[in-house]
Number of protein chains: 2
Amino acid sequence: MSIIWTEQGLDTLERMAPEGSGAQSVDRALTLLSLIGRHCEKGASLAAIVEGSGLNRPTARRLVLALIRSRLVEQDPVTRRYFLGEEAYVLGVLASRRFGFLDCALESLASLSKTSGDTSFASIRRGDYSVCLHREEGAFPIRTHALDPGHRHPLGVGAGAMAMLAALDDAEIARILDTNQAILAEHYPAYTSEAFAQDIAFARSRGYALNPGRVLQNSWAIGMAVRYPDGHIAGALSVAAIDSRMGEARQAELARDLAAEVLKVETRLSGRFGAHPTTNGRPFKTARGDLPPQSHSTAPSTGGVEP
Amino acid sequence: MSIIWTEQGLDTLERMAPEGSGAQSVDRALTLLSLIGRHCEKGASLAAIVEGSGLNRPTARRLVLALIRSRLVEQDPVTRRYFLGEEAYVLGVLASRRFGFLDCALESLASLSKTSGDTSFASIRRGDYSVCLHREEGAFPIRTHALDPGHRHPLGVGAGAMAMLAALDDAEIARILDTNQAILAEHYPAYTSEAFAQDIAFARSRGYALNPGRVLQNSWAIGMAVRYPDGHIAGALSVAAIDSRMGEARQAELARDLAAEVLKVETRLSGRFGAHPTTNGRPFKTARGDLPPQSHSTAPSTGGVEP
DNA sequence: GAAAGATGTCCATAATCTGGACGGAGCAGG
DNA sequence: CCTGCTCCGTCCAGATTATGGACATCTTTC
């Protein structure tokens with residue numbers, strides 16, 4: 001009925017292990033971890049994990065037990081459902097010294113939702129996907145719950161994700177769309193190549209991305225990308241509302257607010273990561289989608305430090 | 001020379017796997033993850049990882065590669081050092097819906113450091129250890145850097161950790177001290193059984209824990225535990241200063257401020273987790289130190305929901 | 001500029017993980 | 001109260017997987 005793809009499935013496993021590079025159980029376990037993260041609100045049942053991972057029950061359970069031993073995952077003793085654990089929180093806090101996008105964005109989301117009355121989101125790119133980190137509700141009573149924290153959509157699907165996609169160069173866009181081809185065709189019929197081309201062109205000319213109800217009918221949204229001081233993309237902010245609240249005029253208005261907040265977030269990021277030009281105070285780009293299992297001397301692409 | 005135990009070693013591995021419960025590479029990999037988390041500031045070299053884990057290089061590298069594949073870890077292409085990756089940040093954000101201690105504490109840390117001029121910390125309990133999540137510097141020029149984010153000390157070592165320890169019941173305290181015995185003897189000679197008994201008694205009678213320079217000479221601190229609405233411990237706040245700024249009078253003064261901020265944090269936590277009495281809006285206690293590899297019906301101890 | 005110190009890699013051996021099959025808990029209905 | 005169903009957790013022989021000593025390479029040091 002809905003086009004949404006919440007209980008998203010066994011995509012990652014297949015594509016992930018580039019090729020016999022050892023430690024496969026670890027790969028599988030971490031896939032499960034990510035999967036459990038997506039169900040962070042209500043927890044993941046073992047069945048859901050099995051279903052979502054393509055593994056079989058015993059294997060999944062053994063791996064999840066390992067995650068529990070490390071406290072990355074907890075199991076509700078009564079519901080038997082699996083949740084992210086305390087260690088995940090701790091690691092996140094420690095990692096946020098290098099990836100503080102959400103920290104810098106929260107305030108702006110609050111402001112956006114307050115002035116607009118609609119719901120705003122922060123998303124980041126993770127490989128060829130976009131993950132929602134936070135949803136800030138607005139006061140307007142009709143709210144679209146198309147996107148929950150933890151949910152993941154292919155890059156380009158949704159306003160924030162489209163803003164991030166449109167900010168990339170054409171070659172990479174092509175690669176990403178190609179990689180996600182199968183999933184797009186299966187779960188997001190509204191996102192044809194033409195739709196992508198159109199949305200990308202729109203985003204580039206207008207400066208903001210628009211999702212004209214492609215994921216969920218009547219649920220429109222606009223989004224803008226946020227960049228680290230060095231220019232690479234930190235994430236995106238977006239605001240969603242029902243279509244009747246997204247006419248041309250209001251789009252322009254929201255886009256103005258959005259732009260202002262994006263600037264603020266970038267300023268905060270800059271204050272936090274831009275100050276250490278020589279040291280490693282900010283994330284370096286990693287290899288992208290694939291990851292040819294290391295090549296000592298063939299990583300000049302971006303460098304970790306200054307140009 | 002220093003008593004501090006920063007580059008802490010191969011303790012976890014040995015004790016962790018309760019006994020042949022499968023998925024051992026996952027255990028090892030996640031131990032490495034935690035280890036890398038401890039070096040979050042400057043990154044971990046492969047040598048440090050090898051040293052710290054007790055594994056050998058090839059194995060460590062293979063496991064770290066698996067972590068990199070999952071984006072939980074990144075490697076600086078030039079330094080070759082390993083850092084926590086973006087996925088760790090994402091998971092942390094998602095987990096923080098259930099463990100938002102630091103979110104609720106940050107503001108109070110800022111306030112504490114501002115009014116006192118000294119450095120304040122937020123720590124949480126992780127098993128039989130205490131992990132520092134955040135350090136907020138004060139204005140006073142002489143600062144002790146005894147505790148960095150990511151650092152881990154046995155429960156009871158340091159003011160915050162002692163506050164959490166003293167809040168537990170005697171049986172559990174005994175178990176914890178017993179578990180940590182070897183590490184304490186080796187790395188924290190100042191923490192004798194008598195010292196513990198004394199500090200615990202002090203904390204319980206005064207309402208705040210005091211570290212009279214036991215970790216680092218002249219570096220004193222006071223700490224107080226913070227609780228979730230259901231009474232179980234969320235973490236601790238602490239303030240550290242050189243001994244000359246920790247006389248009885250100032251202790252009392254700081255303790256008063258600390259108590260006020262602890263109350264605020266607990267109020268925030270309550271607003272965030274207390275509101276959902278029936279649903280799973282807050283973390284449930286997990287099994288403690290060990291974790292007898294699951295026992296379906298023998299987990300009535302704490303229950304996940306309401307009494 | 002050569003030694004020392006790290007990092008990354010290979011491959012035969014040995015231990016580990018896999019997954020079909022089984023037992024049990026909780027629940028709805030007759 | 002029992003039956004049927006679903007979901008969860010566990011076991012064990014077979015097969016795939018990980019292990020770590022030894023080697024190659026790059027970087028730093030004296």
Side-chain angles (χ1 to χ4, degrees), chain A residues 13 17-32 36 39 42-69 73 75-82 287 291-300 304-305, chain B residues 13 17-32 36 39 42-69 73-83 287 291-300 304-305:
Chain A
L13 264 181
E19 221 152 296
S21 7
Q24 315 199 357
S25 9
V26 181
D27 287 332
R28 281 189 273 262
L30 297 179
T31 305
L32 296 194
I36 291 172
H39 294 249
K42 303 182 172 182
S45 67
L46 184 54
I49 293 176
V50 169
E51 156 85 18
S53 68
L55 300 169
N56 57 10
R57 229 190 331 285
T59 302
R61 177 112 227 293
R62 252 178 300 115
L63 296 177
V64 172
L65 277 179
L67 295 174
I68 291 178
R69 258 177 265 138
V73 165
Q75 181 174 31
D76 186 317
V78 24
T79 320
R80 314 262 93 194
R81 293 178 92 86
Y82 302 92
L291 221 279
Q294 239 55 24
S295 43
H296 214 269
S297 39
T298 53
V305 211
Chain B
L13 265 183
E19 221 152 295
S21 8
Q24 314 198 1
S25 10
V26 181
D27 288 331
R28 282 189 272 260
L30 297 179
T31 305
L32 296 194
I36 291 172
H39 293 249
K42 302 182 173 182
S45 66
L46 184 54
I49 294 176
V50 168
E51 156 86 19
S53 67
L55 300 168
N56 56 12
R57 227 187 338 285
T59 301
R61 178 114 223 300
R62 251 178 303 114
L63 296 177
V64 172
L65 278 179
L67 295 174
I68 290 178
R69 256 176 268 138
V73 166
E74 287 180 2
Q75 181 174 29
D76 186 318
V78 26
T79 320
R80 313 264 94 194
R81 295 178 91 87
Y82 300 93
F83 294 83
L291 222 280
Q294 243 54 26
S295 43
H296 215 266
S297 38
T298 53
V305 210

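Proteins come first, then strands; the chains are lettered A, B, ... in the order of their sequence lines, and each starts at number 1.
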Note to self: Side-chain N or O of A:Arg62 versus OP1/OP2 of C:dC17: is the shortest distance under 4.0 Å?
What the structure shows: no

Checklist line | A:Asp27 CG - D:dT17 C1' separation (whole Å) | finding: 13 Å

Margin query: Is A:Arg80 close enough to C:dG26 that one of its side-chain N or O atoms is under 4.0 Å from OP1 or OP2 there?
Written below: no

Item checked: Minimum-distance nucleotide to A:Pro58 side chain [options: C:dC17, C:dA21, C:dT18] -> C:dA21

Check: Roughly how many Å is it from CZ in B:Arg81 to P in D:dT28, rounded to a whole number?
Finding: 13 Å

Margin query: Under 4.0 Å from OP1 or OP2 of C:dA6: is there any side-chain N or O of B:Tyr82 that close?
Written below: no

Check: Does D:dG9 have OP1 or OP2 sitting under 4.0 Å from an N or O in the side chain of A:Gln75?
Finding: yes

Check: Looking only at heavy atoms, what is the nearest atom pair of B:Arg57 and B:Leu46, with distance?
Finding: CG-CD2, 3.7 Å

Next item on the list: Please tell me which of the listed nucleotides, D:dA18, C:dG8, D:dG20, lies nearest to the side chain of B:Arg57?
Entry: C:dG8

Checklist line | Partners passing side-chain contact (heavy atoms from CB on, under 4.5 Å) against A:Ala66 (at least two apart in sequence or in another chain) | finding: A:Arg69, B:Ala23, B:Val26, B:Asp27

Check: Short question: side chain of B:Gln75, backbone of B:Tyr82 - any donor-acceptor pair under 3.5 Å?
Finding: no

Item checked: B:Ser53 side chain vs B:Ile49 backbone, donor-acceptor pair below 3.5 Å -> yes

Margin query: Let me test you: for the helix from C:dG1-D:dC30 to C:dG30-D:dC1, what is the angle between the axes at its two ends (five pairs each), rounded to 10 degrees?
Written below: 50°

Notebook entry, point to check: How close or far is atom P of D:dC7 from atom CD1 of A:Ile49, stated in whole angstroms?
Noted result: 14 Å

Checklist line | 5' precedence on DNA chain D between B:Asn56 and A:Ala47 (nearest-nucleotide basis) | finding: A:Ala47

Item checked: Spacing between B:Gln24 atom CD and C:dT18 atom C1', to the nearest angstrom -> 14 Å

Item checked: N or O in side chain of A:Ser25 less than 4.0 angstrom from C:dC17 OP1/OP2 -> no

Checklist line | For A:Leu32 against A:Ala60, the heavy-atom pair lying closest together | finding: CD1-O, 3.8 Å

Notebook entry, point to check: Taking only N and O in the side chain of A:Arg61, is any of them less than 4.0 Å away from OP1 or OP2 of D:dT10?
Noted result: yes

Next item on the list: To the nearest Å, give me how far apart CG (A:Leu46) and C1' (C:dA25) are.
Entry: 14 Å

Notebook entry, point to check: Atom CG of B:Asp76 to atom P of C:dA6: distance rounded to whole Å?
Noted result: 18 Å

Notebook entry, point to check: Counting side-chain heavy atoms from CB outward, which of C:dC17, D:dT10, C:dG19 is closest to A:Leu65?
Noted result: D:dT10

Next item on the list: Could you check how far CG of B:Leu55 sits from P of C:dG8, rounded to whole Å?
Entry: 16 Å

Notebook entry, point to check: Is B:Leu63 close to B:Thr59 at the side-chain level, that is, under 4.5 Å between some pair of heavy atoms?
Noted result: yes

Checklist line | Check: A:Arg81 side chain, A:Lys42 main-chain N or O, donor-acceptor pair, under 3.5 Å | finding: yes

